[in-house]
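All chains are named by letter (A, B, ...) in the order of the sequence lines, taking the proteins before the strands, and each is independently numbered beginning at 1.
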Amino acid sequence: MSDQLYQERIVALAKAKTGAGKLENPTKTARRDNPLCGDRVILDVKLDGEGRIAEIAHQVRGCLLCQASASALSSVAVGRDAAGISELRHDAERALGREPGETHEPFDAFAPVAAHKSRQDCVLLPLEALKDALS
Amino acid sequence: MSDQLYQERIVALAKAKTGAGKLENPTKTARRDNPLCGDRVILDVKLDGEGRIAEIAHQVRGCLLCQASASALSSVAVGRDAAGISELRHDAERALGREPGETHEPFDAFAPVAAHKSRQDCVLLPLEALKDALS
Amino acid sequence: MSFDVTAVRGQFPILAEIIDGLPVHYLDNGASAQTPLAVIDAVRHYETTGRANVLRGVHRLAERATESYENARAQVAAFLGVQPMEVIFTGGCTAAINLVAFSYGSLLKPGDRVLISEIEHHSNIVPWQLLRSRAGIELDMLPVTTDGRIDLGALSRLLTPRTKLVSLAHVSNVTGALLDVRAVVEAAKAVGARVMLDGAQRAPHGPVDLPSLGVDFYAFAGHKAYGPNGIGVLWGRPELLDAMPPFMGGGSMIGRVTLAETTWAPSPRRFEAGTPAIGPAIGLGAACAWMQALDWTGAHDHEMALVQRLMDGLQRIDGTQIFGPASLQNRYPVVSFMLDGVHPHDVAQTLDSFGVAVRAGHHCAQPLMDRFDLDGTTRVSMAPYNDNSDIDALLAGVAHAAKTLR
Amino acid sequence: MSFDVTAVRGQFPILAEIIDGLPVHYLDNGASAQTPLAVIDAVRHYETTGRANVLRGVHRLAERATESYENARAQVAAFLGVQPMEVIFTGGCTAAINLVAFSYGSLLKPGDRVLISEIEHHSNIVPWQLLRSRAGIELDMLPVTTDGRIDLGALSRLLTPRTKLVSLAHVSNVTGALLDVRAVVEAAKAVGARVMLDGAQRAPHGPVDLPSLGVDFYAFAGHKAYGPNGIGVLWGRPELLDAMPPFMGGGSMIGRVTLAETTWAPSPRRFEAGTPAIGPAIGLGAACAWMQALDWTGAHDHEMALVQRLMDGLQRIDGTQIFGPASLQNRYPVVSFMLDGVHPHDVAQTLDSFGVAVRAGHHCAQPLMDRFDLDGTTRVSMAPYNDNSDIDALLAGVAHAAKTLR
Ligand SMILES: Cc1ncc(COP(=O)(O)O)c(C=O)c1O
Ligand SMILES: Cc1ncc(COP(=O)(O)O)c(C=O)c1O
């Protein structure tokens, strides 16, 4: 056994299910599918007057990495606008080793996925969905 | 050099061009193409009242083996009916090693082609055309 | 005596590899099987001693290549119990099904119907959907029973006089269920429909006696049957093939080409446009010969014993559920399961860290997943070279996932 | 220093074979080239250490296979000077042209025109004839000059506003003539037509700088470019590919499949239905890398010196006639000739008895043969590994045929 991927922090993020569920009357909703693996994320957001996220909720039908990423995202999304979310995306990309630079809480938890190319889209899917919702 | 194929008898048959040309008012004419190599044979025959070949002529656009075979065929076709031509076909097949048994003049000349599968259709093409003409 | 799995394993070099410190427990054979030395060597022999284009050359390399290629066709034909000239080499199983959908499909009229099932692989769904938009045919779907078999009870309802073709998986790539071919053929013939089998998952488990099945078309993939990639087979009844127009155009499939019009060569050449996949075909021929030399009574018993060991082991892990036939009757060694609260991808990923290769997800059968509202399954697909250690490593991995990921 | 042909030959094991007591003078490269050890080893490495299906697996063999497959795409892209995602793997050059004829072709309307030429290989004629019968398009043909080049003087007459595609051989497989691509592209763009090149005979002679050519589609075959059989390449401009519907249906080319409808993956996956030819693609990637490492300035000079030696030698044999450009400008090392009074097949057969492999016949270009009323030609097609001894053996054989067969 050489279990590098499912480290405690990732499992904990997934189990926390931060933001799991739906919003009533969301300002925007976006759905993203990964056709290769069948993962699916639906993201609801409520925005304030300046395009900043006031509330967020997600329904994830997908793997633990996707759930953990949606949890991580929900835990830090409130108060951010599109540019702020894009910053999180860069953080995730850095954790995955796809961009140089230091990475921060909570996405630094995904560093073990850097060695698993085929799973990186699972981490990015919620971020893609949120980007769609904000655009 | 290991020239087994173009033995003197085959070359002589081809150069003899026995029966080369056209008939005026043939009873039957048949054309056969080999799409793989582009060989083409046109056979004219005049038949007597009993379905026997009275006259034969061939136009061959093809290789030396095809020409030699058409020559050989023309040299022995006169007086034969469909059954007699079928006998010649068996003789050719025997020379090519595709049927067991002894082979006779003139098709025994084609024995060297037994080792060259890809060229055997060249020898058989005039026989095919004549069969078409008689049927 | 019993089946000698060690001797079989010895013929597959990859099974002896250590990858990142882990052995190779390869249980993803349904996606692609491994290939024996006999196949690798046959291709190498062609590449290094007889490589040339086929059919048209008169030189000795071309004669060698043509002979090897046609010999491969004969080896495949022997494996299927048919005549060599009835075997068409294609680029794969998907390409074989598309060939039928384009060529036989072009003979269909608007309103004609094709019957498939909800269990089909996308490769036996999408070509018919594309034909539907090209030709205005209708597509019908046999439902699937809760134990993962095509529900043949619906045949009488869904077969109509307008049904021209029934195209079904011989063995399911998700559940391992074997089709009752006899029942399908009987019902189809009664309305005058032709039957095609997608044999992708059946061919890797030994010779197929096509004449006794009574079907009209049969397709399978080389790489799942221990052969190379880039090669597949379509078998068809000669009288059907002869009546079908070409699919792709190019060299070798023609009678005579003029600028105005072109005539077609007889089958199989009509359907093998361009230079064929000579090397891969030679490899597949060797794979068929390899399969034919195997003791399949022993191999099948061995494979089924592995299925039993797997099912028993899974039952001892809390929250596992098998999707597919529970019995060993009329099934092949493909087993799908779910682990409550753990996504199939996470099961498969955990198994990878135990050196176990399986497949997780929709298995190119999204309609089936939708029908049973599944996120996907974890699929264990076996070959004769698998052994108890493969199953035990898998069970240890599943137990670990159950403990840590939920 | 000069090109080291001995070093190159050493990489091709088949060239050292003795077959029936004769050496291998392989001058049939236009039909199929030989393959270097680098290619054979790359495929074997995949088969024995990283074989699995691509794209969908999470286990390490699947990751290895996916990486090797996508790396091969990048190697081919580098060879063509394009982006990896613009490269589609197909079953061959013929399959690539058919892909365009089916997919791009399905966007054409009755009355639209496709322009090809009389010099084309059947693989660049028949797909358009089939499209003509499917879709009611019209087919126009550029004539050929007596020295075996496409007559571009006829472009202005034959290009019309209804012309949607011009599809021409980059290099002729009969005469070796190189197309003036710039002139074609300029004229085609002026009427809004797209340009496809059939690069089957160009790709084996070194990297192609597609961006500088300005064409829209490019096709070539693996086995003629020192790679395995069963693989070919279609390059297309991404904006064109994105607007094209799929060709074949199956696994991997879908977005989402439901029984009612299906959405498509983006290119290149949209056009790679089913399990791709992974091993052959890896081999072709290695072949492209091998070609890219070769000194093509030296190799081209070497090839052209062989052409000159051949032409000079043929001229000394009574009754020979070359069909094709007489000069070495704008041509590649494919030389067709006729020997008065001796059928090309008999020339080729005699050459075989000298250990020389050439091709004789219509070279899948029957319309060209008809146009010049030829029985066929004897074709000598060279690769960088050919040397003077190959040409001299050929000349001895032709002289022998001239002496004995007429
Ligand atoms: C110019 C040309 N185009 C197309 C082809 C077809 O290539 P393939 O038969 O490998 O598909 C060939 C080779 O036969 C060729 O020479
Ligand atoms: C049942 C079934 N049909 C068809 C296919 C398609 O085979 P290929 O992808 O090799 O063309 C597969 C494998 O993926 C399969 O399992």
Checking heavy atoms, do the side chain of [X], its backbone, both or neither come under 4.5 Å from chain D?
| X | value |
| --- | --- |
| C:Ile19 | both |
| C:Ile254 | side chain |
| C:Pro276 | backbone |
| C:Val24 | side chain |
| C:Tyr26 | side chain |

Under a plain distance cut-off of 3.5 Å, with no hydrogens placed, do [Y] and [X] share a side-chain donor-acceptor pair?
| X | Y | answer |
| --- | --- | --- |
| C:Ser381 | C:Asn29 | no |
| D:Thr66 | D:Glu63 | no |
| C:Asp198 | C:His121 | no |

At a heavy-atom distance under 4.5 Å, which candidate from [options] has the highest pair count against chain D?
| options | result |
| --- | --- |
| C:Gly279, C:Gly250, C:Ala277 | C:Gly250 |
| C:Ala365, C:Gly251, C:Gly355 | C:Gly251 |
| C:Leu99, C:Leu351, C:Leu61 | C:Leu61 |
| C:Arg134, C:Arg51, C:Glu17, C:Gln349 | C:Arg51 |
| C:Gly274, C:Pro246, C:Ser123 | C:Ser123 |
| C:Thr258, C:Val358, C:Thr35, C:Thr262 | C:Thr35 |

Would you mind checking which part of [X] comes under 4.5 Å of any heavy atom in chain C, side chain (CB onward), backbone (N, CA, C, O), both or neither?
| X | answer |
| --- | --- |
| D:Met248 | both |
| D:Asp41 | side chain |
| D:Gln129 | side chain |
| D:Ala95 | both |
| D:Met253 | side chain |
| D:Ile125 | side chain |
| D:Arg371 | neither |
| D:Leu37 | side chain |

Name the orientation class of the two ring planes belonging to [X] and [Y] (parallel below 30°, tilted from 30 to 60°, perpendicular beyond 60°).
| X | Y | answer |
| --- | --- | --- |
| D:His362 | D:His122 | tilted |
| D:Phe102 | D:Phe247 | parallel |
| D:Phe89 | D:Tyr69 | tilted |

Stepwise salt bridge (charged side-chain N to carboxylate O under 4.0 Å, His left out) check, C:Arg60 with D:Asp352 = CA-CA 7 Å; C:Arg60 54 202 74 206; D:Asp352 180 55; 3.0 Å; yes
Under the side-chain contact (heavy atoms from CB on, under 4.5 Å) rule, what do D:Glu118 and D:Leu142 come out as? Steps first, then yes or no, please.
-> CA-CA 6 Å; D:Glu118 284 177 353; D:Leu142 285 163; over 6 Å; no
Chain C: which of [options] shares the most heavy-atom pairs with it under 4.5 Å?
| options | answer |
| --- | --- |
| D:Glu120, D:Arg44, D:His223 | D:His223 |
| D:Gly230, D:Cys364, D:Ala357 | D:Ala357 |
| D:Pro13, D:Pro367, D:Gly91 | D:Pro367 |
| D:Thr275, D:Asn98, D:Asp370 | D:Asn98 |

When you look at C:Leu115 and C:Leu139, which way does the side-chain contact (heavy atoms from CB on, under 4.5 Å) test go after all the steps?
-> CA-CA 6 Å; C:Leu115 178 59; C:Leu139 205 49; over 6 Å; no
Using a 3.5 Å distance criterion without hydrogens, assess whether the side chain of [X] forms a donor-acceptor pair with backbone atoms of [Y].
| X | Y | answer |
| --- | --- | --- |
| D:Ser103 | D:Val100 | no |
| D:Arg379 | D:Ala360 | no |
| C:Tyr46 | C:Thr48 | no |

Please name the pair of heavy atoms, one in C:Leu284 and one in C:Pro228, separated by the smallest distance, quoted to 0.1 Å.
-> N-CD, 3.5 Å
